[in-house]
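All figures in this text were calculated on a predicted structure; none of them were measured in a lab.
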Amino acid sequence: MEHHHETLKYTCPMHPQIVEDKPGNCPLCGMTLEPVKSVGSSNSHDKHNGHTGMIADFKKRFYVVLVLTIPIMLLSEMIQQWVGIRISFPGSKYVLLALSSIVFFYGGWPFLKGLVDEARAKNPGMMFLIGFAIMVAYIYSLAIVFGLPGMDFFWELATLILIMLLGHWIEMKSVAGASRELELLVQLMPDDAHLLVGEKLSDVKTASLKANDIILIRPGEKVAADGIVVDGETYLNESMLTGESKPVQKIKGDKVIAGSINGNGSIKINVSHGVQDSYLSQVINLVQDAQKSKSNTQLLADKAARWLTLIAIFVGIATFSYWYFTGQTLAFAMERMVTVIVICCPHALGLAVPLVVAKSTAISAKNGLLIKNRTAFENARKITTIVFDKTGTLTVGKFEVSKVVSLQKDITENEILRLASSLEQKSEHPIATGILQKAKDLSITVPGNENFNAITGKGVEAIVESKKILVVSPGYLKENNIEVSDGFTGNDTETVVFIIINDQLAGYIALSDKIRPESAEAIQKLKENNIKSILLTGDNNKVAASVSKALGMDSFFAEVLPHQKLDKIQELQDKGEFVAMTGDGVNDAPALAQADIGIAVGSGSDIAAETSGIVLVNSNPKDIVNLVLFGKATYRKMIQNLIWATGYNVVALPLAAGILYKQGILLSPAAGAVLMTVSTVVVAINASMLKVKK
């Protein structure tokens, strides 16, 4: 005799893929793991987690019912009449009852339980309808066995339950398939990491890593944590995380993202934070939140499904009353009622939007499009104007110093650069990075500063070696009526910052930023889709005009301070435009919040752009176009599914009620179940065909 022993496993309520032998926290989201009973040493605990367990359960019930349905049909009087055979023996009707009872209670259990749950919640839906239909068929047939005149419904009951189990099995596999991209994201996180303590290397659980740990990533392995490369050089495949198809080179000082796949090099990483705070964990949580959130389209579908449930119950009762009181038999009237209720199940309608949501959100994450607000994503179809922040989106975002000019004879170019670098050393702005890089290239020692102060949207000021130094934009000079001497020779593609020493204009630094090769193609694609593109920048008019013209944009706003960006968005909205704003999510926050759709771009591994509805991991302008087109495609899929699910019911319901009975067309409950299942499968297949077109 085989003995089974119960053991406890621990799983995350949000990530059922995570199963541990002991209590603790989920390595992906930090939630407390909950105990789950497991029988024996098999993987049976997995069968009780999420879709996997439910799929296996429906599959098992389907095959049991399939085996029992064959003898039930052979013993049914109506089937015997159809095929011209006679199978009868003492007690045959009780054997038929026993087999049908097993089918009803075992095969029909998920629907009966669902009926009770929905009734308790006072929210009748799909399970309520199916449960009610099979209960009516079973009780009526039971009464026939014990003396009520008529013909039983046992074969209809068995085939109905069989088809409903098959439909649910197929549907659940479709739902699991729609969420498979999310599961693939979860699987990107390796279980183990190689921890370096001094010269000692040991394997530890990824979940145990903490900030400042040093880990080794060998060739071909997955990166176990977000961090900074401290030794080595390699190429990483980040395609599953950011949608970037080409391997990205990583050298000492570069950031790496957990879950990316290492190439042929070996690197050591200084871990930035625990796994639960990693970029990948944040993406997974964002995807789950977005999948659970409901947009206006989904709320509309939910409302329609509720109404369809009520209509099914009302029309079912009305159909029974009509046929019974116009002279048809009780069996005929009940069969019509059961068929109406089954065929009118809001199954396809209920799945029409959620399946597309699950698919689109997970696919988006794999392509570097992180959806924080479902409604914003679906509203992408309404966009008439996209406002682009210039630096780092339309341009490479890597400023290089093209010239340093001194406007005073006693100050050298290197001194101008040295003093400017002092003020820029704490900034991460691309202009500051460019100035500091030039100072580094020239081996200039950068001095410290005191009383540092940012002049909002205009520059910075501080005391350096007892001198008051300002590094400011042309706008600052204009506001303060400071004129530049004839030595100023900026061109249309350069960004210029001026250095003021002790209230005297001392010189300027010109920097240039290359336009991204993808930008022109992205702008052209927007034009083809009748979407206007507008450049919004703090740069001078010459630079803005040059970039806007080179890319074929519709217009531009130049010399705009951060707090004025919001006003520009409002101006466009007042003209009736549906505006999407792209920005870095920091100084663009007010404008992102004001825009109809806020898109935070270039956030890399930092995805906490609270004011945006959508975050693009890369700064590539093509991703913005992909987002708009994918948003439109997603909405189209939802509408297609809703039209199909609604149209199917409009046609099928009258047929089920028997409107063409006199013309010899009558649907059986089993035929109704087949049509309902086909409708659901069509919706599932249509959702699965959703793709990001690049």
Side-chain angles (χ1 to χ4, degrees), residues 9-10 12 15 17-33 184-242 244 246-285 425-426 428 433 436-437 439-441 443 445-446 448 604-608 617:
K9 295 284 183 180
Y10 297 85
C12 173
H15 302 107
Q17 299 90 340
I18 303 296
V19 180
E20 300 288 348
D21 294 324
K22 56 186 178 181
N25 295 327
C26 174
L28 292 176
C29 65
M31 287 186 70
T32 304
L33 298 177
L184 290 173
L185 285 175
V186 173
Q187 290 165 14
L188 282 178
M189 190 69 78
D191 292 330
D192 300 309
H194 311 306
L195 180 66
L196 268 170
V197 181
E199 295 299 315
K200 186 183 176 186
L201 185 67
S202 58
D203 286 350
V204 298
K205 287 289 181 186
T206 302
S208 69
L209 294 176
K210 55 188 185 299
N212 297 320
D213 280 348
I214 304 296
I215 57 173
L216 174 69
I217 311 296
R218 292 177 175 140
E221 291 184 336
K222 291 175 184 173
V223 176
D226 292 353
I228 308 290
V229 177
V230 292
D231 186 36
E233 174 178 337
T234 191
Y235 281 84
L236 295 183
N237 180 349
E238 298 177 342
S239 59
M240 276 291 286
L241 296 158
T242 66
E244 176 56 63
K246 295 176 185 175
V248 181
Q249 186 181 23
K250 299 292 179 181
I251 59 174
K252 187 176 178 180
D254 286 345
K255 289 181 180 179
V256 296
I257 303 173
S260 41
I261 301 168
N262 191 15
N264 295 325
S266 185
I267 53 174
K268 292 176 185 175
I269 294 170
N270 185 308
V271 176
S272 300
H273 39 237
V275 179
Q276 66 269 23
D277 296 321
S278 71
Y279 165 76
L280 181 57
S281 296
Q282 290 182 66
V283 170
I284 290 165
N285 290 331
Q425 60 188 317
K426 291 181 181 177
E428 292 184 1
T433 306
L436 289 166
Q437 185 60 48
K440 186 180 177 183
D441 293 345
S443 301
T445 303
V446 179
S605 60
D606 175 19
I607 59 171
V617 178

Measure the shortest side-chain to side-chain distance between K205 and D192 over non-hydrogen atoms and say whether it is less than 4.5 angstrom. yes

Above 12 or not: heavy atoms from other molecules or residues under 6.0 Å from CG of D441? yes

Main-chain N/O of P190 paired with T206 side-chain donor or acceptor, under 3.5 Å: yes

Does D203 form a side-chain contact (heavy atoms from CB on, under 4.5 Å) with H194? I'd like the steps, not just the answer. CA-CA 5 Å; D203 286 350; H194 311 306; 2.7 Å; yes

For V446 and A439 the tightest heavy-atom approach is CG2-CB, 4.5 Å

When you compare the side chain of N262 with that of L236, does any pair of heavy atoms fall below 4.5 Å? yes

What closest approach, in Å, do I267 and G232 show between heavy atoms, and which atom pair accounts for it? CG2-C, 3.7 Å

On a heavy-atom basis, which atom in K268 and which in I214 lie closest, and how many Å separate them? CB-CG2, 4.4 Å

Take N270 and N212 through the side-chain contact (heavy atoms from CB on, under 4.5 Å) test and state the conclusion after the steps. CA-CA 5 Å; N270 185 308; N212 297 320; 3.5 Å; yes

So K255 and D226, side-chain contact (heavy atoms from CB on, under 4.5 Å) or not? Walk me through it. CA-CA 7 Å; K255 289 181 180 179; D226 292 353; over 6 Å; no

Scanning both residues in full, the closest heavy-atom pair of A211 with S272 reads CB-O, 3.6 Å

Would you compute the distance between atom NZ of K222 and atom CD1 of I217 and round it to the nearest 0.5 angstrom? 12.0 Å

P219 backbone acceptor or donor facing S266 side chain under 3.5 Å: no

So, do L436 and Q425 sit near enough that their side-chain heavy atoms are less than 4.5 Å apart? yes

Decide yes or no on side-chain contact (heavy atoms from CB on, under 4.5 Å) for I228 and I269, but give the supporting numbers first. CA-CA 5 Å; I228 308 290; I269 294 170; 5.9 Å; no

Counting C-beta onward and ignoring hydrogens, is there a side-chain heavy-atom pair between L209 and V204 closer than 4.5 Å? yes

Kindly check if the number of other-residue, nucleotide or ligand heavy atoms within 6.0 Å of CG (L201) is above 12? yes

I want to check something: taking the side chain as every heavy atom from C-beta on, are D254 and V256 in contact at a cut-off of under 4.5 Å? no

